[in-house]
Participant: 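Structure in structure tokens, see below.
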Amino acid sequence: MFDIIYFLEMIGVVAFAISGMIVARSKNMDPVGVFTIGFVTALGGGTLRDLMMNNHPLYWIKHQEQPILILAMAVVFSYWSRAHSLRESRIVFPDAIGLGIFTILGAQLALDLGHSWFIASLLGVMTGTFGGALRDTLCNEVPFIFRKDQIYASISFAGCWLYFVCQWLLESETLALSIGLLFIVIFRLAAVRFDIRLQRDQSHS
Amino acid sequence: MFDIIYFLEMIGVVAFAISGMIVARSKNMDPVGVFTIGFVTALGGGTLRDLMMNNHPLYWIKHQEQPILILAMAVVFSYWSRAHSLRESRIVFPDAIGLGIFTILGAQLALDLGHSWFIASLLGVMTGTFGGALRDTLCNEVPFIFRKDQIYASISFAGCWLYFVCQWLLESETLALSIGLLFIVIFRLAAVRFDIRLQRDQSHS
Amino acid sequence: MFDIIYFLEMIGVVAFAISGMIVARSKNMDPVGVFTIGFVTALGGGTLRDLMMNNHPLYWIKHQEQPILILAMAVVFSYWSRAHSLRESRIVFPDAIGLGIFTILGAQLALDLGHSWFIASLLGVMTGTFGGALRDTLCNEVPFIFRKDQIYASISFAGCWLYFVCQWLLESETLALSIGLLFIVIFRLAAVRFDIRLQRDQSHS
């Protein structure tokens with residue numbers, strides 16, 4: 001059977017790794033820095049998830065093709081990026097993909113392990129946001145989750161609940177997964193594009 | 001039977017959550033930021049404790065009323081604080097309560113799991129100080145534990161040993177718990193009030 | 001039988017603790033800060049290693065003589081350093097010793113637990129570099145691993161693979177351990193001395 005979970009996880013790893021490598025290059029890091037930031041961004045959220053749920057061995061220790069892929073990407077990216085310049089704003093799309101996939105997979109694993117919807121939504125948000133928060137902290141950026149000018153964690157949280165409700169209403173797990181995931185990616189991109197935020201600065205109101 | 005440990009833990013969670021939310025609001029964070037900082041401050045120390053002692057499931061995963069309470073507090077606090085301004089110095093009291101409770105409960109759990117007094121005191125200090133250190137780091141403050149102008153970790157450490165000795169001398173676990181806890185809260189408040197420190201700046205001596 | 005692993009671990013703990021205490025003192029921290037930074041530097045890497053590999057109890061919980069030793073060192077160091085001034089550049093040597101020992105011991109434990117060479121090399125690098133990265137972050141320094149002017153993580157990674165190949169070719173585990181360890185220490189010191197780096201700044205080329 002085609003393993004949709006594993007396939008999504010792989011895409012999420014690649015998307016987050018790209019977002020990390022773009023930021024690392026824009027800070028002019030050397031290839032080891034590019035690999036390190038790519039690795040931490042791609043695998044940080046899942047590592048936190050597995051540690052919190054006591055789910056051993058960690059997924060990247062079990063699936064060593066994932067860190068190997070990140071290493072290969074870092075080598076290619078470091079050489080390619082010498083000739084090409086990348087603006088940091090390019091990370092919005094891969095970051096949204098990674099956020100969507102890891103949020104839903106984190107929530108889904110928590111449900112599988114028998115946790116409640118509420119706990120599963122918290123674990124989903126942590127899994128989705130932690131890798132990007134590490135990336136931004138290590139590269140001296142304010143993490144998206146603490147930027148007031150864009151909603152981020154709220155979309156991840158809402159996406160979890162949409163996934164739970166769809167899974168409960170619909171027969172198909174795959175369909176529910178896809179709806180939650182697409183919701184997060186689309187709303188995150190819309191939030192950046194149309195500047196949607198939870199709270200206006202008081203100085204402007 | 002009335003569960004004193006659980007009752008204290010709940011008060012500690014509320015106290016640390018309030019301290020986190022005050023700092024988050026004073027940095028003008030939106031409601032998601034207020035919840036996130038409250039959550040991390042209240043549950044960070046206990047999560048570190050449970051991971052280090054391999055004590056699964058984590059206490060906030062087992063007791064989901066704790067994160068639900070923090071969520072409700074964040075909603076109320078975000079609306080309430082629009083009309084009220086809070087100085088950051090207001091965190092001293094809830095922070096001292098949280099420090100006292102989590103230090104003693106961390107040490108007590110370590111003793112229950114069969115660790116020595118010395119290891120239990122280290123785990124107690126970590127449990128008590130880690131949530132506040134995360135709060136201060138995420139809000140770009142120098143953590144209390146690294147501020148030279150006030151003693152913090154030393155009080156937590158001394159409180160652990162006082163608790164161990166009382167527990168050994170007295171028949172009553174509850175009495176020993178209370179003495180250790182009150183010692184930490186009172187001395188912490190006194191240290192802030194009377195500016196007690198371990199080492200004077202050399203320029204002043 | 002003489003336990004070479006335990007002996008090396010003890011030397012690594014002492015070396016990393018010294019590097020942490022030197023940085024803490026150069027930031028003029030009080031004795032509690034000196035102990036905290038020493039503790040975190042010496043035991044951070046091994047704690048991350050044990051958590052990632054689910055290897056409980058943590059090594060410093062099992063061997064409480066290690067944190068006791070760090071406490072004794074912090075007391076002595078705090079008094080001694082009042083009369084002596086230390087430049088931060090003095091940490092290069094103890095840091096290189098700690099990097100070498102913890103990298104190889106982390107990789108060796110991962111092999112013992114049945115992980116592949118690639119996963120073991122990643123876990124070795126994490127074990128070797130995490131304590132120092134915590135030290136530098138807490139003391140507001142750019143971690144060595146992210147400094148472009150010196151190679152650090154690459155030497156740790158190369159040392160792991162040299163150890164694996166030696167262990168595979170040679171009969172003696174001890175000899176293989178020693179070769180990997182000496183390679184890391186010597187190359188790290190040479191990298192600092194002769195200013196070896198992976199990538200020149202583009203402005204200079």
Side-chain angles (χ1 to χ4, degrees), chain A residues 47-56 58 106-107 109-111 113-126 128-130 133-134 136-138 140-158 160-161 191 196-205, chain B residues 17 20-21 23-44 46-72 74-75 77-79 81-85 134-141:
Chain A
T47 301
L48 183 72
R49 172 195 69 191
D50 289 346
L51 286 177
M52 295 238 164
M53 297 195 225
N54 204 22
N55 185 41
H56 286 278
L58 302 184
L109 177 64
L111 289 187
L113 294 174
H115 298 301
S116 71
W117 284 12
F118 181 68
I119 291 294
S121 68
L122 291 181
L123 288 165
V125 173
M126 285 180 206
T129 59
F130 188 65
L134 280 180
D136 297 339
T137 303
L138 292 175
N140 287 318
E141 299 283 326
V142 177
F144 279 136
I145 198 172
F146 291 118
R147 281 187 213 163
K148 261 176 310 185
D149 59 342
Q150 289 159 3
I151 52 178
Y152 191 80
S154 337
I155 295 176
S156 163
F157 190 72
C160 286
W161 288 87
I196 302 171
R197 51 182 85 180
L198 270 188
Q199 174 186 289
R200 295 283 150 192
D201 277 337
Q202 287 161 333
S203 51
H204 295 272
S205 64
Chain B
M21 290 177 189
V23 180
R25 263 323 278 183
S26 79
K27 301 286 172 190
N28 206 20
M29 287 193 185
D30 71 9
V32 174
V34 168
F35 170 68
T36 306
I37 300 293
F39 183 90
V40 160
T41 311
L43 305 179
T47 301
L48 183 72
R49 173 195 69 192
D50 289 347
L51 286 177
M52 293 235 167
M53 298 196 225
N54 204 22
N55 185 39
H56 288 278
L58 302 183
Y59 75 120
W60 58 267
I61 291 183
K62 199 158 50 184
H63 296 293
Q64 58 167 313
E65 63 278 13
Q66 295 185 352
I68 290 176
L69 178 65
I70 296 171
L71 183 60
V75 172
F77 188 86
S78 292
Y79 280 91
S81 64
R82 292 191 169 199
H84 300 74
S85 79
L134 280 179
R135 173 196 65 213
D136 297 339
T137 303
L138 292 174
C139 296
N140 287 320
E141 300 283 327

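Proteins get letters first, then strands, A, B, ... in listed order; numbering begins at 1 in each.
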Participant: If we define contacts as heavy-atom pairs under 4.5 Å, which of Leu71(B), Ile68(B), Thr47(B) has the most with chain A?
Facilitator: Ile68(B)
Participant: Would Glu65(B) and Phe118(A) count as a side-chain contact (heavy atoms from CB on, under 4.5 Å) if you check the C-alpha gap in whole Å, the side-chain angles of each, and the deciding distance to 0.1 Å?
Facilitator: CA-CA 10 Å; Glu65(B) 63 278 13; Phe118(A) 181 68; over 6 Å; no
Participant: Starting at NE2 of His56(B), measure out to CE of Met53(A) and round the result to the nearest 0.5 Å.
Facilitator: 11.5 Å
Participant: For Leu123(A), which atoms come within 4.5 Å of any heavy atom of chain B: side chain, backbone, both, or neither?
Facilitator: side chain
Participant: Please tell me if the side chains of Met126(A) and Phe39(B) come closer than 4.5 Å, counting only heavy atoms from C-beta onward.
Facilitator: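 The answer is yes, as the side chains (C-beta and beyond) meet within the 4.5 Å cut-off.
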Participant: Would you give the length of the straight line joining atom CE of Met52(A) to atom CH2 of Trp60(B), rounded to the nearest 0.5 angstrom?
Facilitator: 5.5 Å
Participant: Where does Leu51(B) contact chain A at under 4.5 Å (heavy atoms): side chain, backbone, both or neither?
Facilitator: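 For Leu51(B), the side chain is the part near chain A, not the backbone.
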Participant: Asn54(A) vs Leu58(B), test: side-chain contact (heavy atoms from CB on, under 4.5 Å). Steps then yes/no.
Facilitator: CA-CA 9 Å; Asn54(A) 204 22; Leu58(B) 302 183; over 6 Å; no
Participant: Evaluate the side-chain contact (heavy atoms from CB on, under 4.5 Å) criterion for residues Val32(B) and Phe157(A): first the C-alpha distance (whole Å), next the side-chain angles of each, then the deciding distance (0.1 Å), finally the verdict.
Facilitator: CA-CA 10 Å; Val32(B) 174; Phe157(A) 190 72; over 6 Å; no
Participant: Who are the side chain to side chain donor-acceptor pair (under 3.5 Å) partners of Arg135(B), not counting sequence neighbours?
Facilitator: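 Counting only residues at least two positions away or on another chain, Arg135(B) forms a side chain to side chain donor-acceptor pair (under 3.5 Å) with Ser19(B), Asp95(B).
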